[in-house]
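Heads up, the thing below is written out as structure tokens.
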Amino acid sequence: MNKEPTLEVNLTFSELQAAVKSLSIGCDQLSKKIDRAEARGDAAASARVVKEYKMTARAKRELEAVLRSEEHTSELQSRFGISYAVFCL
């Protein structure tokens with residue numbers, strides 16, 4: 001059974017947003033690199049870049065999921081705080 005490597009990192013919300021943006025840019029660049037390799041007819045290079053693209057896209061999707069979760073948590077905390085303040089009045 002292959003165990004995938006994991007990495008635990010503590011990021012602020014803004015750092016998380018920046019990481020997602022960087023991965024998005026990386027995906028765009030890799031997509032163009034795939035197109036260039038295919039245009040040259042270099043199947044081996046294309047296959048290598050496709051593998052890198054898939055890993056980058058997966059990391060981007062996972063960080064986007066964390067980002068959505070953080071946004072949701074922040075929104076709930078804000079609503080709870082407002083509800084608590086109104087309740088205390």
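Given the structure is predicted, the values throughout are model-derived calculations rather than measurements.
The hydrophobic cluster containing V66 also contains F13, counting ILVMFWY residues as joined when their side-chain heavy atoms lie under 4.5 angstrom apart, directly or transitively. Note: the hydrophobic cluster containing L23 also contains L67 (ILVMFWY, side chain heavy atoms under 4.5 Å, direct or indirect links). A single hydrophobic cluster is not seen to contain both I25 and V20; linkage of ILVMFWY side chains at heavy-atom distances under 4.5 Å, directly or through other members, places them apart.
Of the options D42, D35, I34, a side chain to side chain contact (heavy atoms under 4.5 Å, CB included) to V49 is made by I34 and by none of the others.
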Working for side chain to side chain contact (heavy atoms under 4.5 Å, CB included), residues R36 and K33: CA-CA 5 Å; R36 288 192 301 270; K33 200 171 181 180; 3.8 Å; yes
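Taken from CZ in R48 to CG in L30, the straight-line distance is 13.0 Å, to the nearest 0.5 Å. Interatomic distance, OG of S46 versus NZ of K51, reported as 14.0 Å (0.5 Å rounding). From K54, atom NZ reaches atom SG of C27 across 13.0 Å, with rounding to the nearest 0.5 Å.
Electrostatic pairing of R58 and E62 counts as a salt bridge here, judged by a charged N lying under 4.0 Å from a carboxylate O.
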